[in-house]
Amino acid sequence: MSGNKIVMTSGYSDRTKGAETVINRSFDLLEKAVDEMHLEKVFRFCDYGTADGGTSTGMWKFVCSKVLELGGDREIEVILNDLPKMIGATLVKNGQSLSELYPKVRVLISPESFYNATAVRKSIDLGFSATAMHWLSKLPYHIENHTHPNACPNREDFEAFCRQSAIDWKLLLSRRKEELKPGGKMVFVNLSRNSEGMYLGHNKEDKNLHEVLHNIWRSFKEEGKISLKEYESATFQNFYRSEEEYIKGIEEVGGLTLLDIRTELIKCPYREKFDEDGDVEKFALGLTGTVRSWSEHVFFEAVSSRKDVKKDKRDIVEAFYGRFKEEVANNPTSYSMDYIENYLLVSKAFSPA
Ligand SMILES: C[S@@+](CC[C@H](N)C(=O)[O-])C[C@H]1O[C@@H](n2cnc3c(N)ncnc32)[C@H](O)[C@@H]1O
C-alpha cells in the first residue's frame, strides 16, 4: 500500500499509559466473542497494529486464558501484526513472554501493513485492533492551513479525508473478512469522533491539542524557523471516524454482522494524576511525551527534505515539543488528552458472502 509514512516513536508503551486502559475496556466484547464462537482444535488470534505489544499483553493473556479455560486440549496461535519498520526487540520479548507463560500458545509475528493480507485466508478465529486503524493508507494531500483533517477549518479538506477514510475502512474490513474463518469475530477499538464532535485531545473543556500543535507549527513558520513548504507539509495521515461511518462501512462490505457498538471517552491518565498531586513538571513532561509518541513523525517528516544535517531537523522538532511542554506547564489546568474510542464487535457470516 502506497504512502505509508507511519512511525511511532520508540518506547511506545512506556509513553502511552492511556492506551492500555483503552484496550482493557474491550474485555467484555472479547469475552462475548469467545463465548459465542465455535472453537476448533487450534484457536488463531491476531492483534493488528500492536506496536511494541506493551499495552496489549494483558489483553493477549485475557484472551488466551479465556480460550484455555474452555478445555478441549486446544492450542493457540497468536499473530502480532505491525508495519515491518515497527517490529523491534520489545515486541519480540513481549511475544516470547506470552508463550513462556502458556505452553500451548505459539506466537508469530506478521510484519505487514494491515491494508494488505496479513494471514492466510479463512484462518483467523478472532481479530483485534486498538487505536491503529485511524491511520489511512495514503494522504489525500497536504492540508495547507492546518495539520489535522478533523480540526481543519475547511470543509472540503475534511470531506476529502473523510472519503479516503471510508475507502480505507471498507478495505480494512474486506481484508479482515478474507482472513476470518466463517463465524469468526473481530473486536476493534478505534479512535473516533463522538456525537458531540469530540475526538482525541479535544474534549471541549480543555484546549484542543490539535489546535495547540497547529498553532505552534504556524508560529514556527511566522518566526522563520521553518519554511512555508515545511509548514504545509505537516499533515496527519489519519482520520477519526464517527460511529455512523463505522457502521456504514460494515453494511457496505456485506457478509458481516454488527453485534455491538459503543463510543466511550477515556480520561487522560496524566491529567488525572496531576489533579491528584499538582506536580506541574511531571504532568507537562508526561503529556508532552504521550502526544509526541503519535505526532512526532509528522513534524519530523515535514522538515525531512532539508539538505542540512540531521541534527538541525532534530533541533526543530525538539524546540517544537519544548514549546508544547512550556505551554502545558504555564497553564496546566487547560490541558489533557482524553481518548474518544469506538468499540466494535463484528462477526463474519457462516455462509460465504
Ligand atoms: C497508537 S499505536 C497503537 C498500538 C496498540 N495497538 C495500542 O492500542 O496501544 C498504532 C499502531 O498502528 C500501527 N499501524 C499504523 N498503520 C498500520 C498499518 N497500515 N499496518 C499495520 N500497523 C499499522 C503503527 O505502526 C502503530 O504501532
Side-chain angles (χ1 to χ4, degrees), residues 1-27 29-30 45-60 62-63 78-92 94-95 109-119 127-139 164-165 167-176 179 186-192 199-201 209 236-241 264 266 269 289-298 300-301 337 339-344:
M1 194 55 49
S2 67
N4 231 320
K5 292 210 170 148
I6 292 142
V7 184
M8 293 287 137
T9 315
S10 57
Y12 167 78
S13 53
D14 289 340
R15 298 165 71 181
T16 49
K17 289 194 181 141
E20 188 172 354
T21 309
V22 165
I23 290 176
N24 294 350
R25 282 166 78 149
S26 68
F27 282 12
L29 297 181
L30 289 166
F45 169 59
C46 186
D47 183 4
Y48 300 95
T50 189
D52 65 14
T55 49
S56 336
T57 42
M59 180 273 296
W60 303 337
F62 178 81
V63 171
V78 176
I79 304 176
L80 306 177
N81 161 264
D82 211 294
L83 294 166
K85 63 189 164 204
M86 294 298 292
I87 307 295
T90 310
L91 179 63
V92 172
N94 283 329
I109 289 180
S110 159
E112 185 61 72
S113 167
F114 50 48
Y115 282 102
N116 299 331
T118 58
F128 178 88
S129 184
T131 313
M133 291 182 172
H134 59 298
W135 287 104
L136 302 177
S137 65
K138 63 176 186 191
L139 196 65
Q164 183 63 46
S165 146
I167 293 168
D168 283 351
W169 178 229
K170 285 206 283 181
L171 178 57
L172 288 170
L173 288 169
S174 305
R175 290 288 193 217
R176 301 299 78 81
E179 292 165 1
M186 303 184 261
V187 172
F188 287 162
V189 185
N190 279 308
L191 281 173
S192 69
Y199 46 80
L200 179 76
L209 295 185
F236 282 85
Q237 190 177 314
N238 65 39
F239 190 76
Y240 308 135
R241 302 177 181 97
E264 291 190 16
I266 294 93
T290 203
V291 167
R292 196 168 173 162
S293 74
W294 50 261
S295 62
E296 178 174 16
H297 68 280
V298 174
F300 199 74
E301 276 286 327
M337 194 188 90
Y339 295 76
I340 306 290
E341 298 266 1
N342 180 262
Y343 290 78
L344 274 176

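Note that these values count all heavy atoms, side chains included, but never hydrogens, waters or copies made by symmetry. Every number for a ligand or one of its atoms is a count from 1 in the order of the listing.
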Short version for Val22: what comes under 4.0 Å of ligand 1, heavy atoms counted, is neither

Within the structure provided, determine whether Asn190 and His134 are in side-chain contact (heavy-atom separation under 4.5 Å). no

Close-contact set for ligand 1 against Trp135 heavy atoms, below 4.0 Å: 15 (C), 16 (N)

Report the part of Ala19 in contact with ligand 1, treating N, CA, C, O as backbone and CB onward as side chain, heavy atoms under 4.0 Å; options are side chain, backbone, both, neither. side chain

Before signing off on this row, confirm whether Gly49 and ligand 1 have an N or O atom pair separated by under 3.5 Å. yes

Non-hydrogen side-chain atoms of Ile79 and Phe45 separated by less than 4.5 Å: no

In terms of side-chain heavy atoms, does Ser137 have a donor or acceptor partner in Asp168 at a distance below 3.5 Å? yes

Is there side-chain contact between Asn342 and Arg241, with heavy atoms separated by less than 4.5 Å? no

Any side-chain donor-acceptor pair under 3.5 Å between Asn81 and Thr118? no

Given that the side chain starts at C-beta and the backbone is N, CA, C, O, which of these parts of Thr55 lies under 4.0 Å from ligand 1, counting heavy atoms, or is it both or neither? side chain

Part of Phe114 within contact of ligand 1 (heavy atoms, under 4.0 Å): both

Could Arg176 and Tyr48 be counted as a cation-pi pair, given that NZ or CZ must be under 6.0 Å from the ring centre and within 45° of the axis? yes

Ligand 1 N/O within reach of Ser113 N/O, cut-off under 3.5 Å: yes

Taking atom 25 (O) of ligand 1 as the point of reference, which of Asp82, Leu83, Leu200, Asn81 owns the nearest heavy atom? Asp82

Would you say Met86 has any N or O atom under 3.5 Å from an N or O of ligand 1, going by distance alone? no

Heavy-atom contacts with Ala51 under 4.0 Å: which atoms of ligand 1 show up? List them by number with element. 4 (C), 27 (O)

Keeping the roles fixed (side chain from Tyr199, backbone from Phe239), state whether a donor-acceptor pair exists under 3.5 Å. no

Give the atoms of ligand 1, by number and element, whose distance to some non-hydrogen atom of Ala130 is under 4.0 Å. 3 (C), 5 (C), 6 (N), 7 (C), 8 (O)

Should Tyr115 be listed as contacting ligand 1, given a heavy-atom distance under 4.0 Å as the test? yes

For the residue pair His297 and Phe236, categorise the inter-ring angle as parallel (less than 30°), tilted (30 to 60°) or perpendicular (more than 60°). perpendicular

